[in-house]
2 protein chains.
Amino acid sequence: MARHKEFDEQQALDQAVETFWSGTYASTSTQDLCESTGLSRSSLYNAFSCKADLYQRSLRRYGELKDAERTAYLEHPGTGREALEALLGHVLETQGGSEDRRGCMVINAAVEIGGDDDEVASLTRASLDGFRGVVAQLIARGQDDGSIATTAPAAELATVVHAALNGLQVGARVATDPAAAGRGLQTLMSLL
Amino acid sequence: MARHKEFDEQQALDQAVETFWSGTYASTSTQDLCESTGLSRSSLYNAFSCKADLYQRSLRRYGELKDAERTAYLEHPGTGREALEALLGHVLETQGGSEDRRGCMVINAAVEIGGDDDEVASLTRASLDGFRGVVAQLIARGQDDGSIATTAPAAELATVVHAALNGLQVGARVATDPAAAGRGLQTLMSLL
DNA sequence: ACGTTTTTGTACCGAACAGTTCAGAAAGAG
DNA sequence: CTCTTTCTGAACTGTTCGGTACAAAAACGT
């Protein structure tokens with residue numbers, strides 16, 4: 001006795017992710033979101049309560065997508081070192097590359113929102129910790145198979161590797177040489 | 001035959017730095033800038049042409065201040081390793097610490113503005129490169145005095161160290177444990 | 001003291017913003 | 001066909017924004 005929804009909410013959310021990711025929370029207007037999702041104003045506000053809520057859901061969705069991408073590398077063949085290098089290279093190519101300078105949406109959120117919004121802070125923290133955890137697992141695997149030195153515990157090495165990767169991504173946003181991040185990665189791997 | 005300026009433009013600029021640094025470009029209103037500098041709207045726009053210009057000058061001023069802070073560490077006594085550790089520790093304490101979570105204004109600018117504004121991108125690039133250069137010099141000194149391994153050229157190591165430092169600062173913006181960055185620094189130093 | 005020049009406070013402008021309202025269109029069930 | 005319910009487009013609201021206009025006030029040189 002009722003009409004169906006005519007749009008796919010998940011699909012709209014994915015478009016919102018793209019839109020927020022390409023800019024900042026502040027620079028993304030609700031108008032932009034309407035255009036990218038193809039929804040009218042009322043539909044957008046009917047499906048998602050407000051801009052802040054949509055952003056939060058977008059950030060969570062982004063985290064889920066990226067988390068799936070990362071954890072897939074736990075199954076990557078070869079040594080732990082090889083798997084780790086593949087993962088880090090993939091991240092730099094897709095997020096720090098020359099094609100789009102969007103960087104990582106979680107890092108962008110951490111810098112833009114920071115601790116101003118508890119929910120966003122918690123989401124970004126969880127996402128960063130998740131990534132660090134995957135890096136730690138790969139390093140531990142590398143230490144087991146002998147491809148990575150055991151000079152320091154895997155968890156501590158992971159903190160540094162993860163931080164370096166994030167730092168390289170930030171630098172890539174304004175860098176002139178798109179290959180610089182890749183060279184940084186090579187040096188980073190040589191330290192392990 | 002004319003009236004003097006009643007306020008110190010440099011002092012006002014320094015206050016603007018503080019204000020922009022504490023937030024984002026978008027979240028800082030001209031009203032905020034008036035209040036923090038103590039200037040009225042007309043005086044502000046008379047001294048600085050527009051918000052974007054004031055931001056640019058603030059960013060440049062911030063870069064100069066931080067550059068002076070950093071280069072002072074080139075005179076730091078002890079080995080290159082000790083000087084480097086002192087510099088990195090100082091940065092984490094003042095910018096990634098628990099007191100204020102403002103992080104580094106240049107990193108914030110790189111993430112928020114990114115490549116959208118050529119002038120800002122150029123400024124941030126110069127500032128990041130400057131920091132990286134100081135790190136490279138300290139590492140080279142450490143390699144000379146034997147306190148840092150020569151497994152890789154100083155310039156390449158500096159890229160990684162600098163990136164890791166920046167990554168730690170980003171993480172500190174949302175971290176719950178304020179000491180985590182410090183531990184990351186210890187591990188980073190142990191890799192050199 | 002006076003005229004000149006700059007500073008400064010206030011009021012104002014148009015634009016863009018997030019969010020709401022509401023009438024009508026569309027689609028199901030009987 | 002018709003009633004009901006949901007969805008959708010468009011117009012609207014109140015606020016905040018960056019920036020401007022202008023007149024009064026303040027301080028200098030003479």
Side-chain angles (χ1 to χ4, degrees), chain A residues 1-60 108-109 112-113 116-120, chain B residues 1-61 105 108-109 112-113 116-120:
Chain A
M1 51 180 170
R3 188 179 162 184
H4 316 317
K5 226 182 231 173
E6 288 203 349
F7 61 89
D8 183 350
E9 191 169 312
Q10 183 81 313
Q11 196 172 330
L13 182 59
D14 284 344
Q15 275 302 322
V17 169
E18 291 293 318
T19 310
F20 276 127
W21 187 7
S22 294
T24 62
Y25 174 76
S27 77
T28 303
S29 69
T30 54
Q31 181 67 27
D32 294 335
L33 293 164
C34 287
E35 289 171 8
S36 66
T37 58
L39 300 187
S40 75
R41 224 165 172 66
S42 352
S43 304
L44 191 80
Y45 274 91
N46 187 34
F48 314 96
S49 63
C50 64
K51 186 187 173 187
D53 183 65
L54 178 53
Y55 181 73
Q56 205 175 102
R57 288 181 63 176
S58 298
L59 194 57
R60 182 172 286 115
N108 297 351
E112 187 191 358
I113 317 291
D116 295 352
D117 181 307
D118 289 342
E119 203 64 38
V120 170
Chain B
M1 53 180 168
R3 186 179 163 183
H4 313 316
K5 225 181 228 174
E6 287 204 349
F7 61 90
D8 183 350
E9 191 170 310
Q10 183 81 311
Q11 198 172 329
L13 182 58
D14 284 344
Q15 275 302 321
V17 169
E18 291 293 317
T19 310
F20 276 127
W21 187 7
S22 294
T24 63
Y25 174 76
S27 77
T28 303
S29 68
T30 53
Q31 181 66 26
D32 293 337
L33 293 164
C34 287
E35 288 170 9
S36 67
T37 59
L39 299 186
S40 75
R41 219 164 175 69
S42 353
S43 303
L44 191 79
Y45 273 91
N46 188 34
F48 313 96
S49 61
C50 63
K51 185 187 173 187
D53 183 66
L54 178 53
Y55 182 73
Q56 205 176 101
R57 289 180 62 175
S58 297
L59 195 56
R60 181 173 287 115
R61 171 78 177 144
M105 186 180 172
N108 297 351
E112 186 192 0
I113 318 288
D116 294 353
D117 182 306
D118 288 342
E119 202 64 36
V120 169

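Residue numbering restarts at 1 for every chain, and letters A, B, ... go by the order of the sequence lines.
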(message) Output the rounded distance in Å from CG (A:Leu44) to P (D:dT6).
(response) 20 Å
(request) Look at all strands and tell whether B:Ser49 reaches a base, only sugar-phosphate, or nothing, counting heavy atoms closer than 4.0 Å. (result) nothing
(message) Just to be sure I understand the rule, does B:Thr28 reach a base, reach only the sugar-phosphate, or reach nothing, if contact means heavy atoms closer than 4.0 Å?
(response) sugar-phosphate
(request) Say whether, by atom type as modelled, one donor and one acceptor occur between the side chain of A:Glu112 and the main chain of A:Tyr25 under 3.5 angstrom. (result) yes
(request) Assign the ring pair A:Phe20 / A:Tyr55 to parallel, tilted or perpendicular, where the plane angle (0 to 90°) is split at 30° and 60°. (result) perpendicular
(request) Check the distance between C:dT10's C1' and B:Tyr45's OH and give it to me in whole angstrom. (result) 16 Å
(request) Rounded off to whole Å, could you give me the CD-to-C1' distance for the A:Gln31 and D:dA10 pair? (result) 12 Å
(request) Measure the spacing between CG of B:Leu44 and NZ of B:Lys51 and express it to the nearest 0.5 Å. (result) 11.0 Å
(message) Go nucleotide by nucleotide along DNA chain C from the 5' end; which of A:Ser27 and A:Ser42 gets its closest nucleotide reached first?
(response) A:Ser27
(request) Look at the side-chain N and O atoms of B:Ser40 and state whether any lies under 4.0 Å from the OP1 or OP2 oxygen of C:dG9. (result) yes
(request) Rounded off to whole Å, could you give me the CG-to-P distance for the B:Leu33 and D:dC17 pair? (result) 11 Å
(message) Please report the interatomic distance CG(A:Asn108) to CD1(A:Ile113), rounded to the nearest 0.5 Å.
(response) 10.0 Å
(request) Measure the distance from CG on B:Asn46 to C1' on D:dA21 and round it to the nearest whole Å. (result) 13 Å
(request) Looking only at non-hydrogen atoms, find the nearest pair between B:Val120 and B:Leu59 and report the distance. (result) CG1-CD2, 3.8 Å
(request) Give a yes/no answer on whether the side chain of A:Ser43 brings an N or O atom under 4.0 Å of OP1 or OP2 in D:dC7. (result) no
(message) Categorize A:Ser29 for me: base, sugar-phosphate, or nothing, with a 4.0 angstrom heavy-atom threshold over every strand shown.
(response) sugar-phosphate
(message) Nearest whole Å is fine: how far is C:dA18 C1' from A:Asp53 CG?
(response) 14 Å
(request) Specify the separation, in whole Å, of atom CD of B:Glu9 and atom C1' of C:dT8. (result) 15 Å
(message) Please report the distance, rounded to the nearest Å, between CZ in B:Arg41 and C1' in D:dG18.
(response) 7 Å
